[in-house]
Amino acid sequence: MAQVSTGKFSASTQRSTDIRAGVGTTVMSRPQVRYECTYKMTPDRKLLPYEATNIIEDILESELQSQRYDPKKSQLWCCDLADKIKGKVKDLGYGRYKIVALVTIGSVEHGAVCCASQCVWNDKFDTYGEYTYRNGSLYAVGTVYGIYQE
């Protein structure tokens with residue numbers, strides 16, 4: 001969104017007396033910023049799925065290689081790993097993409113699971129990357145969705 005100037009003085013920049021600051025104290029408030037739509041319908045750079053997949057692979061391999069499946073810790077691991085993955089993908093600098101990261105951890109012994117997802121999708125710009133990690137006691141599925149925000 002583009003910033004638009006609203007003039008030199010507006011109602012939000014006028015001096016006012018703040019009761020919390022004390023009697024007779026004047027406080028200057030910041031000018032109000034108004035944004036306009038840019039109507040940008042295409043991204044500058046499209047999110048590349050292999051970059052997201054590489055990040056997922058690196059994080060899952062490094063964090064879970066020595067772990068054994070524990071149902072009590074799995075929920076915390078999922079949240080922590082998803083936050084790390086999302087942060088690393090955002091650091092790649094794909095502006096205007098909404099990044100959604102999901103991690104599912106389960107036991108290899110009880111490994112019968114089926115996952116599905118559904119959303120409104122623009123196949124020209126939206127994309128995803130995924131990676132499945134397995135060791136002797138657990139499996140982890142990491143997925144990153146990059147959804148372009150017009």
Item to check | For the student: nearest non-hydrogen atoms of G142 and L60, plus distance | outcome: N-CD1, 4.0 Å

Next on the checklist: Working to the nearest 0.5 angstrom, can you tell me the gap between S66 OG and N135 CG?
Outcome noted: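 So the gap between those two atoms works out to 9.0 Å.
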
Next on the checklist: Please give me the minimum heavy-atom distance between P43 and Y97, naming the atom from each residue.
Outcome noted: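 Minimum heavy-atom contact is CG-OH, 3.7 Å.
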
Item to check | A82 versus A101, closest heavy-atom pair with distance | outcome: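 So the minimum-distance heavy-atom pair works out to O-CB, 3.5 Å.
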
Item to check | L81 and L64, any side-chain heavy atoms less than 4.5 Å apart | outcome: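 Sidechains of L81 and L64: in contact.
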
Item to check | For V103, the option from I56, I85, V141 that meets side chain to side chain contact (heavy atoms under 4.5 Å, CB included) | outcome: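 Running side chain to side chain contact (heavy atoms under 4.5 Å, CB included) over I56, I85, V141 with V103 returns exactly one hit, I85.
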
Next on the checklist: Check this for me: Q75, atom CD, are more than 12 non-hydrogen atoms of other residues, nucleotides or ligands nearer than 6.0 Å?
Outcome noted: no

Checklist entry - Excluding sequence neighbours, so at least two apart, what forms side-chain hydrogen bond (donor to acceptor under 3.5 Å, both in side chains) with Y94? => result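 By the side-chain hydrogen bond (donor to acceptor under 3.5 Å, both in side chains) rule, Y94 matches E51.
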
Checklist entry - Looking only at heavy atoms, what is the nearest atom pair of W77 and Q67, with distance? => result CZ2-OE1, 3.2 Å

Item to check | From T53, I59, D58, residue fulfilling side chain to side chain contact (heavy atoms under 4.5 Å, CB included) relative to I55 | outcome: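 Option passing the side chain to side chain contact (heavy atoms under 4.5 Å, CB included) with I55: I59.
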
Checklist entry - Taking the side chain from D126 and the backbone from Y148, do they hold a donor-acceptor pair closer than 3.5 Å? => result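 Yes, because the side chain of D126 sits within donor-acceptor range (under 3.5 Å) of the backbone of Y148.
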
Checklist entry - So do Y69 and V108 actually touch side chain to side chain, heavy atoms under 4.5 Å? => result no

Checklist entry - What are the two closest heavy atoms between L47 and T127, and how far apart are they? => result O-CG2, 3.2 Å

Checklist entry - How about S107 and Y139: does a side-chain donor come under 3.5 Å of a side-chain acceptor? => result no

Checklist entry - Roughly how far, to the nearest 0.5 Å, is CD of Q149 from NZ of K98? => result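 With rounding to 0.5 Å, NZ (K98) is 6.0 Å from CD (Q149).
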
Checklist entry - Does any non-hydrogen side-chain atom of Y128 lie less than 4.5 Å from one of P49? => result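 When only atoms from C-beta onward are counted, Y128 and P49 do not touch, as no gap falls below 4.5 Å.
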
Checklist entry - If you round to the nearest 0.5 Å, how far is OG1 of T132 from CD of E57? => result 11.0 Å

Checklist entry - Mind checking whether D44 and K40 have side chains closer than 4.5 Å, heavy atoms only? => result yes

Checklist entry - Shared ILVMFWY cluster between V100 and Y50, side chains joined below 4.5 angstrom? => result no

Item to check | Distance-only polar pair, side chains of Q65 and Y133, donor-acceptor under 3.5 Å | outcome: no

Item to check | Summary of salt bridge (charged side-chain N to carboxylate O under 4.0 Å, His left out) pairs that have at least one residue in residues 62-87, sequence neighbours excluded | outcome: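 The answer is E63-K84, D80-K84.
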
Checklist entry - Quick one: are Y145 and W121 in side-chain contact, heavy atoms under 4.5 Å? => result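 Contact flag for Y145/W121 side chains = yes.
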
Item to check | Pairwise side-chain contact, V144 with I99, heavy-atom cut-off 4.5 Å (strictly under) | outcome: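 With C-beta onward as the side chain, the pair touches.
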
